[in-house]
Amino acid sequence: MSVEAATNLPGGGWSLRYELRGDLDALLIPTPVAPGPADGLWQHTCFEAFVGPSGSLAYQEFNFSPSGQWASYLFSDERVRDTVSESAQATTSNSQPSVAWHCFPDAFVLEACIPVAALRSTGSRETLDVGLTAVIESRDHELTYWALRHPCAKPDFHNRQGFALQIPPKPNA
């Protein structure tokens, strides 16, 4: 698996590109459904991004399924959901991520776009720590866990030590 670094979209959002190479016939890829928010996407093939300001306990988790569904969660600390802030940051049409995927003979590519309105922290004044991860399901329903960095023996995508990328503040912000 390879992951292309997050890039700024016009208007301030992010574009993420995940690429899988290998025996794609051995994988279970969720079939397309109506795009929109959904829970439990990590129980099948799913690509994820964890984003939080450096030095803060708070972070945001995004899940992107090849089905076209997505999820966004806010946390005040490791694995502590901030449901009050999630409710306050109600999803509107201009804050919904989009997911597109393409299957090639030798690769599966998922592209996710996160509009700036969906990001709790834009990184305009602070360095952001980012963890890019994937859960891959095989045809025998076994799950494997992939990340740019696994800080522990057992995969734990919520562990801040696994947020391997740092995105510096935007100049002149």
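Side-chain contact between Pro169 and Glu126 is absent, with no heavy-atom pair separated by less than 4.5 Å. The shortest distance between side-chain heavy atoms of Val109 and Phe104 falls below 4.5 Å. Contact of the Leu143 side chain with the Ile136 side chain is not registered, since no non-hydrogen atoms from C-beta on lie closer than 4.5 Å. Residues Thr45 and Val135 are not in side-chain contact: their nearest non-hydrogen atoms beyond the backbone lie 4.5 Å or more apart. Contact annotation: the side chain of Asp106 approaches that of Arg21 to within less than 4.5 Å [non-hydrogen atoms, C-beta and beyond]. Proximity of Asn159 to Cys152: side-chain heavy atoms (C-beta onward) are separated by under 4.5 Å at one or more points. Between Trp14 and Val130, some side-chain heavy-atom pair lies under the 4.5 Å cut-off. Taking the side chain as every heavy atom from C-beta outward, Leu110 and Glu19 never approach each other to under 4.5 Å.
Put simply, SG on Cys103 and CG on Leu24 are 5.5 Å apart, with the number rounded to the nearest 0.5 Å. Annotation: the span from Thr127 atom OG1 to Gln166 atom CD amounts to 8.0 Å, rounded to 0.5 Å. A distance of 10.0 Å separates SG in Cys46 from CD in Gln69, rounded to the nearest 0.5 Å. The distance from atom CD1 of Ile114 to atom OG of Ser95, rounded to the nearest 0.5 Å, is 11.5 Å.
Neither Leu20 nor Tyr145 shares a network with the other; the hydrophobic side chains, linked directly or stepwise wherever heavy atoms of I, L, V, M, F, W or Y lie under 4.5 Å apart, form separate groups for each. Criterion: ILVMFWY side-chain heavy atoms under 4.5 Å apart, direct or through other members. Under it, Val80 and Phe157 are not part of a common hydrophobic cluster. The same ILVMFWY cluster, assembled from side-chain heavy atoms under 4.5 Å apart, contains both Trp146 and Phe108. Note: the hydrophobic cluster containing Leu128 also contains Leu165 (ILVMFWY, side chain heavy atoms under 4.5 Å, direct or indirect links). By the rule that hydrophobic residues join a cluster once side-chain heavy atoms approach within less than 4.5 Å of another member, Phe64 and Phe50 end up as members of separate clusters.
In terms of modelled atom types and a separation under 3.5 Å, the side chain of Ser138 and the main chain of Glu142 share a donor-acceptor contact. Using modelled atom types, no side-chain atom of Trp70 and backbone atom of Asn63 make a donor-acceptor pair closer than 3.5 Å.
Checked against a 6.0 Å centroid threshold, the rings of His158 and Tyr59 count as neighbours. Ring pair Phe62/Phe47: centre-to-centre distance not below 6.0 Å.
Taking each heavy atom of Asp129 and Gly55 in turn, the nearest pair found is OD2-N, 4.4 Å. Here the closest non-hydrogen pair linking Ala49 and Leu16 is CB-CD1, 3.7 Å. The minimum heavy-atom distance linking Ser15 with Cys113 is given by the pair OG-SG, 4.3 Å. The minimum heavy-atom distance linking Ala147 with Thr133 is given by the pair CB-CG2, 3.8 Å.
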task = Would you check, one step at a time, whether the test salt bridge (Lys or Arg N to Asp or Glu O under 4.0 Å) holds for Arg139 with Asp23?
result = CA-CA 11 Å; Arg139 290 222 174 262; Asp23 183 6; over 6 Å; no
request  = Run the numbers on His102 and Glu111 for side chain to side chain contact (heavy atoms under 4.5 Å, CB included), then give the verdict.
outcome  = CA-CA 9 Å; His102 313 281; Glu111 295 173 318; 3.4 Å; yes
key: Verdict with supporting geometry, Leu132 and Tyr18, side chain to side chain contact (heavy atoms under 4.5 Å, CB included)   = CA-CA 9 Å; Leu132 299 176; Tyr18 299 83; 3.6 Å; yes
inquiry  = Go through it in stages, so that I can follow the logic: the residues are Glu86 and Arg81, the test is salt bridge (Lys or Arg N to Asp or Glu O under 4.0 Å), and I'd like the CA-CA distance, side-chain angles, deciding distance and then a yes or no.
reply    = CA-CA 9 Å; Glu86 284 178 4; Arg81 288 272 300 273; 2.7 Å; yes
request  = Walk me through it: do His141 and Leu28 pass the test side chain to side chain contact (heavy atoms under 4.5 Å, CB included)?
outcome  = CA-CA 8 Å; His141 302 284; Leu28 279 178; 3.4 Å; yes
Identify every side-chain donor-acceptor pair in residues 30-42 under 3.5 Å, counting partners at least two apart or on other chains, and give the distances.
from: Asp39; atom 1: OD1; to: Tyr73; atom 2: OH; distance (Å): 2.5

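Remark: of the listed residues Gln161, Arg79, His150, Arg79 is the sole one forming a side-chain hydrogen bond (donor to acceptor under 3.5 Å, both in side chains) with Asp156.
The residues Asp82 and Arg120 are annotated as salt-bridged, a charged nitrogen and a carboxylate oxygen being separated by less than 4.0 angstrom.
Checking Gln60 against Ser72 by side-chain atom types alone, a donor-acceptor pair falls below 3.5 Å.
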